[in-house]
4 protein chains.
Amino acid sequence: MTKAEAKAEAKRDQRRREILDAAKDLFAERGFHSASISEIIKRAGIARGTFYLYFNSKDAVFESILELAIHELQVRIIGVDVDEGAPPPALQLNQNVSRVLSYMLSDRALIQLILAHGLPPDAPMAMRVDSFFAHVEELIASSLSYGMSVGLVRQCDASLTAAQILGSVRGGMRYLIQAQESFDVTEVASQLIDFALHGVIVSDLTRS
Amino acid sequence: MTKAEAKAEAKRDQRRREILDAAKDLFAERGFHSASISEIIKRAGIARGTFYLYFNSKDAVFESILELAIHELQVRIIGVDVDEGAPPPALQLNQNVSRVLSYMLSDRALIQLILAHGLPPDAPMAMRVDSFFAHVEELIASSLSYGMSVGLVRQCDASLTAAQILGSVRGGMRYLIQAQESFDVTEVASQLIDFALHGVIVSDLTRS
Amino acid sequence: MTKAEAKAEAKRDQRRREILDAAKDLFAERGFHSASISEIIKRAGIARGTFYLYFNSKDAVFESILELAIHELQVRIIGVDVDEGAPPPALQLNQNVSRVLSYMLSDRALIQLILAHGLPPDAPMAMRVDSFFAHVEELIASSLSYGMSVGLVRQCDASLTAAQILGSVRGGMRYLIQAQESFDVTEVASQLIDFALHGVIVSDLTRS
Amino acid sequence: MTKAEAKAEAKRDQRRREILDAAKDLFAERGFHSASISEIIKRAGIARGTFYLYFNSKDAVFESILELAIHELQVRIIGVDVDEGAPPPALQLNQNVSRVLSYMLSDRALIQLILAHGLPPDAPMAMRVDSFFAHVEELIASSLSYGMSVGLVRQCDASLTAAQILGSVRGGMRYLIQAQESFDVTEVASQLIDFALHGVIVSDLTRS
DNA sequence: AATGAATGAGGGTTCATTCAT
DNA sequence: CATGAATGAACCCTCATTCAT
C-alpha cells in the first residue's frame, strides 16, 4: 500500500503546486484583490470546490506563496563570516547577492509579488513581508555598524543607509525583471554591490 | 454674476479638495481596494451621490490624487545646469532632492501611495505611476551617461545604476516616513546623495 | 423639512416591514436554513443589496422577527393579581390566555416560527426562544407553588407540571392554527384553561 | 456460502447502525441542516463514499432514523382494551405511557429529534413526523370521544383536547430530558396521566 | 466493498454606481 | 447642487453528491 499511497501523495503535491503556480501568476499580474478565485481555478483547470480542498481560503494561498518565497530568500542570505580561514568577505557578499538574484530571476511572478504585493498595508501578510524586509535591513545595518567600528565603512546613519542599500537592490531587481534580456548573475551581483560600496563617482575625484 | 460664479467655483474647488484629502488618507491607510466609497464619503462628510458629482468613479479620485502628486514632484525635479555661471552641480542636486524630500514629507499619506499604491499592476494608474518613475530613471540614466562621458562617473550600466539610485532614494524615503522622528531635510538629502555618489566604503581603502 | 423627513422615515419603516413580512412567511414555510435570501428578496420585490440596507444579515432579520414576537407575547402575559379588589383570578387567567391567543392567531406564520423554528439548537436565537419559554414556565411553576401553599392546587412537581401546562397550550395552539376554522377566542381560552385546571375526567368520578 | 453471506450481511448491518448512530447524535446536537456529511462520516469513522453505499442521501439517513423511531413508538402504543377480563384501563394507560417514556429516555438524541427536528416544515420527513403525531392525536381523540359517550370524560372538543394532552406529554418529556436527574418511569408516567385526567386543581374545590 | 479527490450549484454578503426626490 | 435609497454584478466559500481507483 505504501506505493499507492506515495503515488497519491505525489499527485496531491502536484495539484497543490499547480494551484500555487496559477495563483502566483495571477496575484503577480493583477494583485491580490483583483485576482479572483474564479480566475485562479480557471487557470489551474480545476473546479471551485477543489481549490478549497487544498487551501482554506484565498488568503491561505497567498500566504503559502509568500511564506515559501520568504523562506527561500532567507536560506540564501548567509551572514558574512569574517574569521581568518573564511573566504574573502567580498566574495561571500557576492555569493549572497548572486543566490538571491538567481532565485528571484527564476520566478518573475514571485519577485513582482514580493516587491509590490497589492495588499492593504494593515493586512497580516503585508506585515509579514514588511517584517522580512525589516529583518534584512537590520542585518545590513548591523553589518554597517561593524564596518564603521573597524574603519572600513565611513561614518553614516546605519539605519538610513541600510534602507538605501536594500532599496538600491530592490530597484536593481525591478529593473532586471522588467528588462527582458538575460545576463550573467555573478556579473550583475558585482555591479549591485559595487554601487553600494563605492557609489558612482570615480574614486580619483573623491580625493580632491 | 461673475462674483457669485467665482464664489460658487471656489466652493466647488473646496469640496473637491476635501474629498481628495479624505480619499488620499484612506487610500494610504488601507490601500485602494480596501478603502471603500462609504468610508471616503463618511470622512469627507458628504452624501453618496455628492461624491459622484465631483468624480466619475473611484478610479477617478485615485487618478486625481496621483496625477497631482506626480505633477508636484515633476516640477520639483529640475535638470542640472552645467553652464559656467550656474550654481555648482552638487548644490543643484541637493536642492532637487531637498525639494522632493520636503514635499513628500509634508504629506506622508501621499508618499505611502506613491511608493506602495495597492493598485492592480495592470491598472492604468499603476502604469501611470510606473511611467513617472521610469521617466525619472531615464533622467538619472542620461545624467550618468553624461557623467561617464566627462570622466566624472565611473563606467557602469547606466540604466541598471539609475534603477539602483532611484531605488536607494525610495528606500531612504520609506525609512524616513516610517521613523517618526523629524530631521533636517538638507542634511538628509546630503546623506542620500553621498550614498549614491560614494557608497559606504571609506575612500582611502578604495585606493589600495 | 420635518415633513419630508417624516415621510421618508415612514417609507423606510414601510419597506422594513415588507421585508420582515416576506422573511417571516418564508421562515415559517421553509425554516430558517432553507429560506434563502434570494427567495426573501424575490417575495419582497427588492434587489439583493436593498435587503442589506435594512438588515445586517440573514440572522438579523430572523432575530428581529422573533424579538418582536417575544416582546409582543411578553406584554400580553400579566402576572395574576390576587389582591382583594382585583378581578377574579380565573378571569385574569382567561384574559391572559385570550390576549396571547388572539395575537398569535393574527399571525399564523409567527406562531409557526415560535413553535417550530428550524434553528440549530445551539444557535443564539434558538436559545433566546428557549429562554423565553423557560421564563414562562417558571412563571407557571411559581403560580403552582403558590397555589399548593394555599391549598388550591393539589400536591405535584411544580416544574414538571408547569412544563405540561405550557406544553398543553402549545399543543392547543398547534391544533388551532392547523385547523382552518375560525372560533371564539375567549371560548377557546376557557377550554385551554379548563383542561389545565380540571383535566378531562368528569368531576363526579374523581370523588369516588 | 450461506454462512459467509450471513456474516457479510451482519457486518453490513453493523456498519449501517454505526452510521445511523453517528448521524442521530449529530442531528440531535446541531439540527438537520447544520450537521454535515463531513461530520457524520468523521464520527462514524468511515470514508465519504462509504456513506453513500449505505444511504442514498443525507435525507435518507434522517428518514431511516425517524422511521425507526416512529416504529418503535408505534409498537409501544397499544389501544386500551376495555373488555371484561382485561387489566384496568388506568393500568393499561400507565403502561402505555411508561413504555413510551422509557424508550425515549433511553435515547435522548432521539427524543430531541422527534420533538424538535430542525427540518424545513415542507420537507417530506417533517410531514411524516407530523402525521405520526396526528395519528396519535386521533387515537387520543377517539378515546376521549368514547369516554364522553360513556360519561367518563366531561364534554369537550375531542380534537382540541387531544392536541392539549399530546402537547402536555411532549412538554413533560421536554422537561425530563433537559433536567438531568434520573427518576422512576412509572411514577412519572402517573404524574403525566394524572395531570391530563384531573388537572391541577384540588378536587374538593371543583365541587363548590 | 471502500476510498477520498473532484465537482459545481448555490449560499450569504459587499460595494461601486445610479437616479428619483 | 445635494441627497441617500436602490441596484445587481461579483465576490468568497460550503457542502451534498459522484466516480475513478
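Protein chains get the first letters and strands the later ones, always in sequence-line order, with residue 1 at the start of each.
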- Query: According to the Watson-Crick and G-U wobble definition with distances under 3.5 Å, which dot-bracket string, read 5' to 3', encodes DNA chain F, using [ ] for crossing pairs and | for pairs with another strand?
  - Reply: .||||||||||||||||||||
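The distance from atom OG of C/Ser36 to atom CD1 of C/Ile40, rounded to the nearest 0.5 Å, is 7.0 Å. With rounding to the nearest 0.5 Å, the separation of CE in D/Met125 from CD1 in D/Ile65 is 9.5 Å. The CZ atom of D/Arg108 sits 14.5 Å away from the CG atom of D/Leu113 when rounded to the nearest 0.5 Å.
Non-hydrogen atoms lying under 4.0 Å from DNA chain E are contributed by D/Arg12, D/Arg15, all within residues 9-22 of chain D. Applying a 4.0 Å cut-off to non-hydrogen atoms, the residues of residues 40-65 of chain A that approach DNA chain F are A/Arg48, A/Gly49, A/Tyr52, A/Ser57, A/Lys58, listed by residue number. Less than 4.0 Å separates DNA chain F from no heavy atom of any residue of residues 117-125 of chain C.
Between B/Pro120 and A/Ser34, the closest heavy-atom pair is CG-OG, 3.0 Å. Heavy atoms only, all atoms of each residue included: D/Val129 and D/Ile114 are closest at CG1-O, 4.2 Å.
At least one side-chain heavy atom of A/Arg128 sits under 4.5 Å from a side-chain heavy atom of A/Ser131.
Taking the six-membered ring where the residue is Trp, B/Phe62 and B/Phe32 present perpendicular rings, their angle passing 60° and hence far from 30°.
Partners of A/Asp13 under the side chain to side chain contact (heavy atoms under 4.5 Å, CB included) rule, at least two apart in sequence or in another chain, do not exist in this structure. Under the rule for a side-chain hydrogen bond (donor to acceptor under 3.5 Å, both in side chains), B/Ser57 has no partner lying at least two apart in sequence or in another chain. Remark: D/Tyr54 engages no residue in a ring pair (Phe, Tyr, Trp, His ring centres under 6.0 Å) (not counting sequence neighbours). Remark: C/Glu63 engages no residue in a salt bridge (charged side-chain N to carboxylate O under 4.0 Å, His left out) (not counting sequence neighbours). Shown here are the salt bridge (charged side-chain N to carboxylate O under 4.0 Å, His left out) partners of C/Arg12, two or more places apart in sequence or in another chain: there are none. Under the ring pair (Phe, Tyr, Trp, His ring centres under 6.0 Å) criterion, A/His117 pairs with no residue at all, not counting sequence neighbours.
Extent of DNA chain F lying under 4.0 Å from chain C heavy atoms, first and last nucleotide in 5' to 3' order, is F/dA5 to F/dA10.
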- Query: Is there a side-chain contact (heavy atoms from CB on, under 4.5 Å) between C/Leu53 and C/Arg15 once you walk through the steps?
  - Reply: CA-CA 10 Å; C/Leu53 242 44; C/Arg15 256 291 162 81; over 6 Å; no
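For residues 31-50 of chain B, the set of pairs meeting the salt bridge (charged side-chain N to carboxylate O under 4.0 Å, His left out) definition, not counting sequence neighbours, comprises B/Glu29-B/Arg43, B/Arg30-B/Glu39.
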